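Bear in mind that the values here come from a model prediction, so they are computed numbers and not experimental data.
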Amino acid sequence: MNRVLAFVLVAVLGGGAFADEPVSSDAELKAQVKQLLENQKALMERLETVEDELATYRKAAARPSAPFGLPRSEPVAMMPSEPIGMEGGQPVLEPMGRRAKNGWYLSVAGGIQDRNRSREDFLTFIDWDDHGWQFHGAVGHRFNENFRLEIESGVMENDVDTLSANDGAGGQLIAPGSGSATVATLMMNLYLEYPIDITDEFTLVPYVGGGFGGLKSYLDDATNETVEPFGFVFQGDSKVALANQLIAGVSYPITEHLEVFAHYRYINSDKLFFFIEDVPTPPAYVGPTDSEWNGGEFGIRWTF
């Protein structure tokens, strides 16, 4: 029975080489069966290898031939699941320095300024003490890292140094003066900013801007001390005059909300009209033909 089983097994598995040789014992039969099983395992492994090679060949045959008879290149590696420059579906940006947030902000600034000579005519003018003070506050909106727009209100004050007046007879009265002038401003400003990344943690933002609006001046006992006993005193407020300004400076964002800055400011206004009563002539409108201020300020800006 064992011999018949072996013969059938050899015939089925292709082991015909063993069929012509008689098996002398059960041990030899078991050895032959073991050998047949090992041969079967080797054939199955070879069959899997052939199937893999056949699949590779079919894929290669399915690719279009390279143009102009050039050899076909190897398959290109599959693209990454995320596009280049993306990570987790978000853009991967190059490292850069700090940036202030876009949006609404408040700023305050203060410093000193010098007011140029205020001339009404050849005989009448006021020279001002050096270094009057100024204070400005603004509310604005930063649209992006390059543009922002704001509404600004400010106050400036200067003391009288010298006052020259017309004596009414064609002469000129020049003498030390006293009193002061306070100016209130309201401007709309537009700024152009350009961030410069010194390092990943240190950014400077130079900016230039300009604005237009109006200002109003208030005279407080401005007088020529020589004629003061006779009542020659300028007291009162002016009409609103058109004004414009230029600003240039640099800011440093400490955080995305808080910035510190310093800038230069130049302001120019049209003629200021004052209605003066306490003068040795009939009441009349007087005032400088134009006015100019130059100064510097330090300030802070908070973005919400």
Side-chain angles (χ1 to χ4, degrees), residues 96-116 118 128-159 180-218 220 240-269 272 290-304:
M96 64 180 182
R98 292 190 180 98
R99 293 289 191 273
K101 288 184 62 177
N102 298 332
W104 293 98
Y105 65 81
L106 292 175
S107 70
V108 292
I112 61 175
Q113 44 80 18
D114 292 325
R115 185 174 182 178
N116 294 355
S118 299
W128 308 92
D129 282 345
D130 293 336
H131 308 320
W133 58 265
Q134 61 180 339
F135 177 84
H136 292 87
V139 56
H141 189 277
R142 177 179 282 108
F143 299 97
N144 52 51
E145 67 178 20
N146 297 120
F147 294 98
R148 57 186 173 91
L149 182 70
E150 68 180 23
I151 299 294
E152 176 193 69
S153 179
V155 178
M156 301 181 292
E157 184 173 291
N158 297 85
D159 292 331
S180 64
T182 302
V183 173
T185 65
L186 183 63
M187 301 277 192
M188 175 178 286
N189 304 319
L190 176 65
Y191 295 93
L192 172 63
E193 300 180 315
Y194 186 78
I196 299 176
D197 297 326
I198 308 302
T199 68
D200 288 349
E201 298 296 327
F202 185 79
T203 299
L204 292 178
V205 186
Y207 60 88
V208 294
F212 66 92
L215 58 79
K216 188 177 180 69
S217 180
Y218 303 85
D220 184 14
V240 175
L242 294 177
N244 56 80
Q245 65 179 352
L246 296 174
I247 299 172
V250 62
S251 64
Y252 169 63
I254 299 175
T255 69
E256 66 175 5
H257 294 282
L258 180 64
E259 300 168 83
V260 294
F261 62 86
H263 60 222
Y264 161 81
R265 182 191 302 269
Y266 167 79
I267 300 179
N268 175 269
S269 79
L272 292 169
D290 62 358
S291 298
E292 296 180 326
W293 293 260
N294 294 270
E297 291 177 303
F298 293 93
I300 59 174
R301 184 180 301 114
W302 178 264
T303 305
F304 297 97

Polar side-chain atom of Asn146 near backbone of Glu193 as donor-acceptor pair, under 3.5 Å: yes
Interatomic spacing from CZ in Arg148 to OH in Tyr207 - rounded to 0.5 Å: 6.0 Å
Matching residue for Tyr105 among Glu150, His141, Glu259, His257 - test: side-chain contact (heavy atoms from CB on, under 4.5 Å): Glu150
Derivation and outcome, side-chain contact (heavy atoms from CB on, under 4.5 Å), residues Thr303 and Glu256: CA-CA 8 Å; Thr303 305; Glu256 66 175 5; over 6 Å; no
Check ion pair Glu292-Arg115 (N to O, under 4.0 angstrom): no
Minimum heavy-atom distance between Leu149 and Asn189, given as atom pair plus value: CD1-O, 3.2 Å
Spacing of Tyr266 atom OH and Asn116 atom CG [to the nearest 0.5 Å]: 7.5 Å
Main-chain N/O of Ser269 paired to Asp290 side chain as donor or acceptor, under 3.5 Å: no
Any side-chain heavy-atom pair of Gln245 and Thr185 under 4.5 Å: no
Derivation of the side-chain hydrogen bond (donor to acceptor under 3.5 Å, both in side chains) call for Arg265 and Gln113: CA-CA 9 Å; Arg265 182 191 302 269; Gln113 44 80 18; over 6 Å; no
Approximate separation, where rounding is to 0.5 Å, of His131 NE2 and Asp159 CG: 13.0 Å
Verdict with reasoning, Val108 to Ile300, per side-chain contact (heavy atoms from CB on, under 4.5 Å): CA-CA 6 Å; Val108 292; Ile300 59 174; 3.7 Å; yes
Over all atoms of both residues, closest heavy-atom pair of Gly154 and His136: CA-CD2, 3.4 Å
No-hydrogen, no-angle side-chain donor-acceptor test under 3.5 Å, Arg98 and Tyr252: yes
